[in-house]
Q: 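Take this structure first; my questions come after.
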Amino acid sequence: MTTMYTVMPPEQLWSGMWAEGGDTKEIRMNGLLMQVRPVNDTEAVIVRLLDCPLEAYLDPSNLPGATVPLSGNTSPT
């Protein structure tokens with residue numbers, strides 16, 4: 001159990017904690033299944049990796065927040 005000492009009201013502290021972005025989609029790129037949020041028609045931002053080898057987490061190009069091209073990845077998995 002964790003205790004949090006803060007002056008912030010709990011409603012503000014926990015607001016949006018479990019809300020997930022609704023405009024995400026899953027794509028497979030270079031053998032990695034990832035959840036992305038489209039920015040425009042040609043680019044998306046990585047939200048998280050879903051299915052990949054462990055060493056893929058060490059590659060900076062796979063970090064959440066990194067931009068990936070959507071060309072060739074238009075069909076969902």
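This chain uses plain numbering: 1 for the first residue, then up along the sequence.
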Q: Atom CD of Gln35 and atom CD1 of Ile46: how far apart are they, to the nearest 0.5 Å?
A: 11.0 Å
Q: Can you measure from OG1 (Thr6) to CD (Gln12) and round to the nearest 0.5 angstrom?
A: 8.5 Å
Q: Would you name the heavy atoms of Ser61 and Ala66 that are closest together and state the gap between them?
A: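 Looking at all heavy atoms of both residues, the closest pair is O-CB, 3.6 Å.
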Q: Please round to the nearest 0.5 Å and tell me the distance separating atom CE of Met29 and atom SG of Cys52.
A: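 Interatomic distance, Met29 CE to Cys52 SG, rounded to 0.5 Å: 13.0 Å.
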Q: Does Asp41 have more than 12 heavy atoms from other residues, nucleotides or ligands lying within 6.0 Å of its CG?
A: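 At most 12 heavy atoms, drawn from other residues, nucleotides or ligands, come within 6.0 Å of this atom.
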Q: Report the distance from atom NZ of Lys25 to atom CZ of Arg37, rounding to the nearest 0.5 Å.
A: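 If I round to the nearest 0.5 Å, the distance is 13.0 Å.
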Q: Test of understanding: clusters of I, L, V, M, F, W, Y form through side-chain heavy atoms closer than 4.5 Å, transitively. Do Tyr57 and Val45 belong to the same one?
A: no
Q: Establish, from distance only, whether the side-chain atoms of Glu43 and Thr67 form a donor-acceptor pair under 3.5 Å.
A: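 Thr67 and Glu43 do not have a side-chain donor-acceptor pair below 3.5 Å.
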Q: Rounded at 0.5 Å granularity, tell me how far CH2 in Trp14 sits from CE in Met8.
A: 10.5 Å
Q: Side chains of Val36 and Ile27, heavy atoms from C-beta outward: is any pair under 4.5 Å?
A: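 Val36 vs Ile27: side chains touch.
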Q: Starting at CD of Glu26, measure out to CG of Leu50 and round the result to the nearest 0.5 Å.
A: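 Between Glu26 CD and Leu50 CG, I get 5.0 Å after rounding to 0.5 Å.
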Q: Taking Ala56's backbone N and O only, do any of them form a donor-acceptor pair with Asn62's side chain (distance below 3.5 Å, no angle check)?
A: yes
Q: Without swapping roles, check the side chain of Asn30 against the backbone of Leu32 for a donor-acceptor pair under 3.5 Å.
A: no
